[in-house]
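These notes concern the structure reproduced below.
Side-chain atoms are counted along with the backbone in the values below, which use heavy atoms only and exclude waters and symmetry mates. Order of the sequence lines fixes the chain letters, A, B, ..., with proteins taken first and strands second; residue numbering starts at 1 for each chain.
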Amino acid sequence: MSEQMMGVINLIQEPDELGSLTASRCLATVPFGGRYRMIDFTLSNMVNSGITKVGLFAHTKFRSLMDHVGSGKHWDLHHRQSGLFVLPPVAEDMSDLRKGDLFHFYMHRDYFARCHLEHVIICRSHMVCNMDLSAVLKQHLEKDADITLVCKRLDEEPAGLARRVQVDGNGRVIDIQEHFGRLETDIASMEMYVMKKELLLDLVETSLARGQDDLIKDAIMSRLGSLNIQAFFHEGYLGIVNTLPAYFKYNMELLQPSVWRELFFMPGRVYTKVKDEPPTSYLKGAQSVNSLIANGCEIEGTVIGSILFRGVKVGKGAVVRNSIIMQNGIVGPDSTLEHVILDKEVKIEPGRDIRGVEASPYLAVKRKVI
Amino acid sequence: MARKEMIAMLLAGGEGKRLGVLTKNLAKPAVHFGGKYRIIDFTLSNCTHSGIDTVGVLTQYQPLVLNRYLGIGSPWGLDRRDGGMAVLPPYMKSKGGSWYKGTANAIYQNMSFIERYDPEYVLIISGDHIYKMNYDQMLADHKRRGADATIAVIEVDWKEASRFGIMATNEEGRIVSFEEKPKKPSSNLASMGVYIFTWPVLQQYLIRDEENPESTNDFGKDIIPAMLEDDIFLNAYSFKDYWKDVGTIQSLWEANMDLLSDRTSLNLNDKEWRIYSVNPNQPAHYVSPTGCVTGSLITEGCFIEGRVNHSVLFAGVQVGENTVIEDSVIMPNVQIGRNVTIYRSIIGEGAVIADGVTLGTPDTNTDIHVVASDEMVLRNESASEVEA
């Protein structure tokens, strides 16, 4: 496919109820799935769909984001003529930071102007999925839509926060609703919008002129009647990860082989920053059952129904059950963990017994010693 | 270009005949090792950690996989503006050209590469060995002792000494004799194939060696003996850490098994001395409710529904239900079905083992069972057909 679409990853005011997981990092860099950060899924989807120009609109707490994405080379977005472009806020004073995404798009309008591609896809970082975005563009062109919104029919109430969408018999979006409210529909918005770059810039300017600065709430939701907004239905797996219960639930779903096989391999691979950890070492007496374990771990104890990120150590006699342990966590000998989320580099002293419950897992902040 | 104090020349053209089917389509340095590495990763990472930023990699035999793997050296931090990694295959010159006739000839043919950097010292290493070594400390020893050449040596088992280049030293640590693979070794100090030469000295010997039609153009067989004859200062640098020549199926298997031992001195999880490699980009490995892993090294991308004990699994290996794997090395992307039993085996990259197959035996007196890369093993074969 000849390239027609640029990617925008919009981190501005992303809905976030992840508690201390986002105390010092943005949602986009919350660790997920054993070795990834949330943003890896969106970045990989774009790259696997043939997108080579990606503008990353950073907003707040983006040190970890800069560290993670670097030059973009791990996603093969480090080219001579294109690649990843990180666009931090251009703010005259602190109050500018509070302005909506349209303001920030406007401040970086040169980035859009310089790009010769006709279409743009705008995504968030909290929709965990593996999908071919070029199929969205294809449908967008076939239906001659002004905007195409990627949606998902839900089988059950999602654990995370998502806008609801009402679609008519022709696939046209007739209503979009905020996270809370009365609209009864099983269709969730995946917050991915395809449109002409020209239309986006037009929405930016006309909205800002009216004193409005939010792409969805102001520019799009007020134009449902005048613009032809079509829904594209994603059939694959989706995790909406912007609350703590959702974070726990969608991580744990990776322990289902069908989810593991689909999310990480189909249709494309998921890329992340390379860490050069050695393979995981299971020492004598170690055991792991129904678990997802990244490289660089040293396991002497028992791991059941859990997710271990890179470089985690589980001491002798320790039992880790239904828990998520992030990078370089240390579980001391003879400790027991159940329904626990340990942020990076948490150390559990020997013999501790820490238990949360499934609906409300115990969450330890980064570098805590317990 | 700024002058380099020392550059490295890495001999990576080895055919590795004794590795049989494992080197049918790739050079020995590209053979997989230790769950996520290839053998050459160890020497390349040593270079990076020793502050060497210019490495010439000499390739010859089956270089396709190796060349693709090395790229421009980025995984090892060797994509540098001044220097970095250069892959050096034999090439045509205005007066014809030839294959590398021996290790010394390979360096001789690339003297112009070395001279571009005008180094004081040249490090000669090979991509066939597993070890972690700081070449900078070896260089410091070379300079302190004012040597013309320094050879890294390690004490090996007397029984194995006849497999190596064996050296005798005097009380000052000067090498007084050198024998390549002696039948009756006079010492157990083996050359590790790691040499530092003061460049002008080596240059002179390379030219002389090339002029000698009798020479086999080999460092161990020709250059070192010639230097000894001339009473040049050959310094022995003693190395006491883990070092293994993985030239045979048995030693390759052993070196992998060494990684599973609690007593191994080859720590792959040393944050100060990471072994760099090309990352396969696979998700975290998954062990199912029917799976069980003990005493093993498991790499990302593995999907394990069977029992794995005391084995090394590379990236992307699938193990079906009711399958048992013991004391084995399973290379990348091998697919193993259900009810399979594998003992003491090396399974080559991309091989497929069908349901119900039995490979290898737990009997420690038998040879290691080998399955070639991309081979399909659909049913049990008689042991004699497939023994390495």
Side-chain angles (χ1 to χ4, degrees), chain A residues 32-36 40 44 73-76 78 130 251 254-257 259-261 263-265 268-300 302-313 328, chain B residues 33-37 41 45 48 74-77 79 256 259-262 264 266-271 273-305 307-318:
Chain A
F32 186 86
R35 66 191 287 269
Y36 302 96
D40 292 338
S44 302
K73 70 172 179 180
H74 295 298
W75 297 266
D76 199 20
H78 184 52
N130 192 336
N251 265 292
L254 301 174
L255 299 179
Q256 298 168 20
V259 175
W260 187 89
R261 287 202 162 106
L263 183 62
F264 294 130
F265 294 99
R269 291 273 183 91
V270 186
Y271 302 99
T272 190
K273 186 181 170 189
V274 166
K275 284 272 168 35
D276 289 297
E277 295 278 355
T280 277
S281 173
Y282 287 87
L283 303 172
K284 277 199 190 73
Q287 206 194 353
S288 89
V289 178
N290 190 30
S291 293
L292 190 62
I293 296 168
N295 272 357
C297 295
E298 279 180 22
I299 303 173
E300 269 192 279
T302 304
V303 181
I304 303 166
S306 296
I307 296 178
L308 268 49
F309 283 70
R310 293 185 273 207
V312 168
K313 291 189 169 66
N328 299 326
Chain B
F33 176 81
K36 71 172 282 197
Y37 310 101
D41 287 331
S45 301
T48 308
S74 318
W76 306 273
D79 49 339
N256 274 287
L259 297 171
L260 304 176
S261 155
D262 295 343
T264 181
L266 184 72
N267 178 11
L268 294 178
N269 209 349
D270 179 356
K271 287 197 164 49
W273 203 279
R274 279 260 175 269
I275 307 301
Y276 302 120
S277 63
V278 175
N279 201 286
N281 242 314
Q282 294 258 16
H285 76 258
Y286 175 72
V287 183
S288 82
T290 56
C292 178
V293 181
T294 49
S296 296
L297 274 185
I298 310 289
T299 312
E300 286 167 345
C302 288
F303 191 92
I304 301 167
E305 294 178 292
R307 301 180 71 82
V308 178
N309 181 38
H310 203 256
S311 296
V312 176
L313 268 59
F314 286 72
V317 171
Q318 313 263 329

Between [options], the one whose heavy-atom pairs under 4.5 Å with chain B are most numerous:
{"options": "A/C297, A/S288, A/G285", "result": "A/S288"}
{"options": "A/T272, A/I299, A/L283, A/V289", "result": "A/V289"}
{"options": "A/E298, A/K284, A/E300, A/R261", "result": "A/R261"}

Would you mind reporting whether [Y] and [X] have side-chain heavy atoms less than 4.5 Å apart?
{"X": "B/E300", "Y": "A/T280", "result": "no"}
{"X": "B/I275", "Y": "A/D276", "result": "no"}
{"X": "B/F314", "Y": "A/P279", "result": "no"}
{"X": "A/Y282", "Y": "B/S311", "result": "no"}
{"X": "B/R274", "Y": "A/P278", "result": "yes"}

Heaviest contributor of heavy-atom pairs below 4.5 Å to chain A, chosen from B/S277, B/P283, B/P75, is B/P283
Highest number of heavy-atom pairs under 4.5 Å with chain A among B/N279, B/T290, B/V293, B/L260 belongs to B/V293
Does any backbone or side-chain atom of [X] lie under 4.5 Å from a heavy atom of chain B? Answer side chain, backbone, both or neither.
{"X": "A/N328", "value": "side chain"}
{"X": "A/K275", "value": "backbone"}
{"X": "A/E277", "value": "both"}

Residues at least two apart in sequence or cross-chain that pass salt bridge (charged side-chain N to carboxylate O under 4.0 Å, His left out) with A/K273, listed by chain then number, are A/D67
For B/D270, the salt bridge (charged side-chain N to carboxylate O under 4.0 Å, His left out) test, sequence neighbours excluded, returns B/K132
Note: B/I298 and A/N295 closest approach over all heavy atoms is O-OD1, 3.9 Å
When every non-hydrogen atom of B/A284 is compared with those of A/G34, the smallest separation belongs to CB-CA, 4.4 Å
So, the part of B/S288 with a heavy atom under 4.5 Å from chain A: the answer is backbone
Turns out that what part of B/L268 lies under 4.5 Å from chain A's heavy atoms comes down to both
Can you confirm whether B/K271 is buried at NZ, in the sense that more than 12 heavy atoms of other residues, nucleotides or ligands lie under 6.0 Å from that atom?
yes
Ring pair (Phe, Tyr, Trp, His ring centres under 6.0 Å) filter on B/F303, not counting sequence neighbours, yields A/W260, B/Y286
- prompt: Do the side chain of A/R35 and the main chain of B/N281 share a donor and acceptor less than 3.5 angstrom apart?
  reply: no
Those residues of residues 303-313 of chain A that come under 4.5 Å of chain B on a heavy-atom basis, listed by number, are A/R310
